[in-house]
2 protein chains.
Amino acid sequence: MATGGRAITIRDVARAAGVSVASASRALNGHSNVAEPMRHRVTEAARALHYVPHLGARSLSTRRTGAIGVVLPDLFGEFFSEMIRGIDSAAHRQGLQLLLANMHGDARETETALRAMRGRVDGLIVMSPTVGADFLGRHLPEGMPAVVINGGAAGRSCIVVDSHAGARAAVAHLVERGARKLAHIAGPTDNVDAQERVRGFREAVADLLGDADPIVFQGDFADESGRSAGMALAREAHGVDGVFAANDMMAVGCLDALAESGIDVPGRMMVVGFDDVPIARYARPSLTTMRVAIADIGRRAFERLQSSIDAPASVSAPTERIVPELIVRQSTGGDRQGGARPGLEHTP
Amino acid sequence: MATGGRAITIRDVARAAGVSVASASRALNGHSNVAEPMRHRVTEAARALHYVPHLGARSLSTRRTGAIGVVLPDLFGEFFSEMIRGIDSAAHRQGLQLLLANMHGDARETETALRAMRGRVDGLIVMSPTVGADFLGRHLPEGMPAVVINGGAAGRSCIVVDSHAGARAAVAHLVERGARKLAHIAGPTDNVDAQERVRGFREAVADLLGDADPIVFQGDFADESGRSAGMALAREAHGVDGVFAANDMMAVGCLDALAESGIDVPGRMMVVGFDDVPIARYARPSLTTMRVAIADIGRRAFERLQSSIDAPASVSAPTERIVPELIVRQSTGGDRQGGARPGLEHTP
DNA sequence: CTGTTAGCGCATTCAC
DNA sequence: GTGAATGCGCTAACAG
């Protein structure tokens, strides 16, 4: 750790207070069986020496780390921060810290990240939409409580967003609003959510419009890819009057390209996104989208993790399914106010 | 840790391989002095048993944790995620993990967060714009490498954004574009950056427009507060034709309120933000702002931390000053970045 | 109530 | 090369 001049330990405190290490420990941790005068001497000594307990050592003996691991894919902007915010707000209340592992890629890296958690956290929240359930099942340290977001794992608590249903709902909305020819901007092919969204899109388009082979642009969840799709759409408008993007970032990029190309939204083309990240409200036109209460999911994931940490013998590990909710805004002509709905209640 | 059935340790591996714990350790860590056959037996045993090293224990003996602590204030959305992204991208390359401490508040909590890092990280990146330099100086564990973002601390590496200069530049731009009466939407009063921004604003307005007492709305960095300021501005337009918001989120909220109230931006009122979070590009009108390369700062902070971890005897601890760069977009009539108004030629 | 003794899981001397 | 001790800093179980 490159400690300048050997950090001070509980032994130093004990010596300074003239007591045994055990007593110092007890006093410091507020145990009941300590005489008041001694407790005073100890805390005083600790303060004088600027003693800070070594949590690594403590957790080695208590078998409790006071931290939970969060492994996430390389998410884009707001989705990432919303998720963290949700998890953190709940974890913070319990005095737990978050050990982050934002992985930029493949399965091998996921494995590394998972291994790196051993002995450092009490539980895991894993969101790994690109690796199969079997993989997670194999590599999640056994005996380590965990909840998996968007991706099953045998015998684990799971929270999954129903991307398929969300996609269908988005298409239904577009059709209901009068769209007759739809296009989709898809997410990365190795992402299961993205896969489910294309699938739902295709199904719904076939069912509702009888179109068996709709246009699908290959995107990657980043705004730029939505932007190019929008450009392509503007150049060679194949008569498309409705676009469903697999996430909000791409939808916003698309919106931007359309505006730049002078295409009226929603007049000439309607757009629907997915996620409802904060930015969706502030795009112009504001974005109709399938809301996934991201922060809520994070909070929920933590709660389930918490209970599975507290009750090691968690019998059932039911999968919780979340169905996205349609939020209609200007991009499909649905808005009535200027776009932004009052957010959370503000403090005066 | 609620380990289901006692997790397996290096002892189990050693026993299975029929060697001593020490040898197992050497073999597993790729030391040179191990006979090939033994190494094979050990790695094989480890794999068969699904052995995963206990990093907590390892760090206790190596005095290296392989993690760095990141303590941040309760930041809003994109600023937070950009910063994390910058730090993580650099840390990830070095195989280091991030222990997050997002603190929601006061100094006492900051202290707790700081203490909670002892023995769990090799170094600290602290961004704590609401606590004074003296506080940090007192509570940063001594002997623990650290770099401070936006807030000095004696003898520590610091990276500070020149909020004062940024604010002056924003005002200068507004004036140059023809604004004659300005208003400011301020950040939280206890935030030093927010303080510097008001100060810069006041100074510049006095210097450039001779206005000694400009309107200042009290905000809190959240979009809602920018929104209410925008509403107020729309209701009782005191002849204000230029607004400088202390961050982008508030600027965007303000923009939204103005649009809702039918006030033309930039025609009747211009708006400038601060930070240049990704959303700024996608607001309509797109937002002119003072760019702070957030992710870059995070990356930079990590690099400096890294070198101060490697070289315990880091002599100088110079403060690095970052001057925000003006990015002109539609909200001050400047366009050409991030989207276009129909009517302007655009082909690159 | 207090001090002594044992580990927690691992890496690392130091002998052999 | 390899194994037997020792210790990282702390808490817990056991005496007194």
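Per chain, numbering begins at 1; letters A, B, ... match sequence-line order. Every value quoted in this text rests on a predicted model; they were computed, and no experiment measured them.
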In terms of side-chain heavy atoms of [X], which of [options] is nearest?
| X | options | result |
| --- | --- | --- |
| Ala35(A) | dA12(D), dC1(C), dC10(D) | dC1(C) |
| Ser61(A) | dC8(C), dT12(C), dG3(D) | dC8(C) |
| Val21(A) | dT11(D), dG7(D), dC8(C) | dT11(D) |
| Ile10(B) | dC10(D), dG9(C), dC10(C) | dC10(C) |

With rounding to the nearest 0.5 Å, note down the distance linking [atom1] in [X] to [atom2] in [Y].
| X | Y | atom1 | atom2 | value |
| --- | --- | --- | --- | --- |
| Met117(A) | Leu55(B) | CE | CG | 10.5 Å |
| Leu96(A) | Arg64(A) | CG | CZ | 7.5 Å |
| Leu98(B) | Ile68(B) | CG | CD1 | 5.0 Å |
| Leu60(A) | His54(A) | CG | NE2 | 10.0 Å |

Round to the nearest Å and state the distance from [X] atom [atom1] to [N] atom [atom2].
| X | N | atom1 | atom2 | answer |
| --- | --- | --- | --- | --- |
| Arg41(A) | dC1(C) | CZ | C1' | 13 Å |
| His31(A) | dC10(D) | NE2 | P | 14 Å |
| Arg15(A) | dT2(C) | CZ | P | 20 Å |
| Asn29(A) | dA13(D) | CG | P | 14 Å |
| Leu60(B) | dC8(C) | CG | C1' | 9 Å |
| Arg11(A) | dT4(C) | CZ | P | 13 Å |
| Ile8(A) | dC8(D) | CD1 | C1' | 16 Å |
| Arg118(B) | dC10(D) | CZ | C1' | 11 Å |

Can you name the closest pair of heavy atoms from Arg120(B) and Ala67(A) and give their distance?
NH2-CB, 3.3 Å
Val52(A) versus Arg115(B), closest heavy-atom pair with distance
CG1-O, 3.7 Å
Between Glu82(B) and Arg85(B), is there a side-chain N and carboxylate O pair less than 4.0 Å apart?
yes
So does [X] get a side-chain nitrogen or oxygen closer than 4.0 Å to the phosphate oxygens (OP1/OP2) of [N]?
| X | N | answer |
| --- | --- | --- |
| Arg58(B) | dA11(C) | yes |
| Ser25(A) | dT11(D) | yes |
| Ser23(B) | dG3(D) | yes |
| Tyr51(B) | dC10(C) | yes |
| Arg63(A) | dG9(C) | yes |
| Asn33(A) | dT2(C) | no |
| Ser20(B) | dT2(D) | no |

Just to be sure I understand the rule, does Thr9(B) reach a base, reach only the sugar-phosphate, or reach nothing, if contact means heavy atoms closer than 4.0 Å?
sugar-phosphate
What's Val19(B) touching, base or sugar-phosphate or nothing? Going by heavy atoms closer than 4.0 Å.
sugar-phosphate
Report all interatomic pairs (protein N or O, nucleotide N or O of nucleotides 13-16 of chain C) with separations under 3.5 Å.
none

If you assign Leu55(A) and Gly18(B) each to the DNA chain D nucleotide with the nearest heavy atom, which residue ends up on the more 5' nucleotide?
Gly18(B)
Determine whether a donor-acceptor pair (N or O, by modelled atom type, separation under 3.5 Å) exists between the side chain of Arg39(B) and the backbone of His31(B).
yes
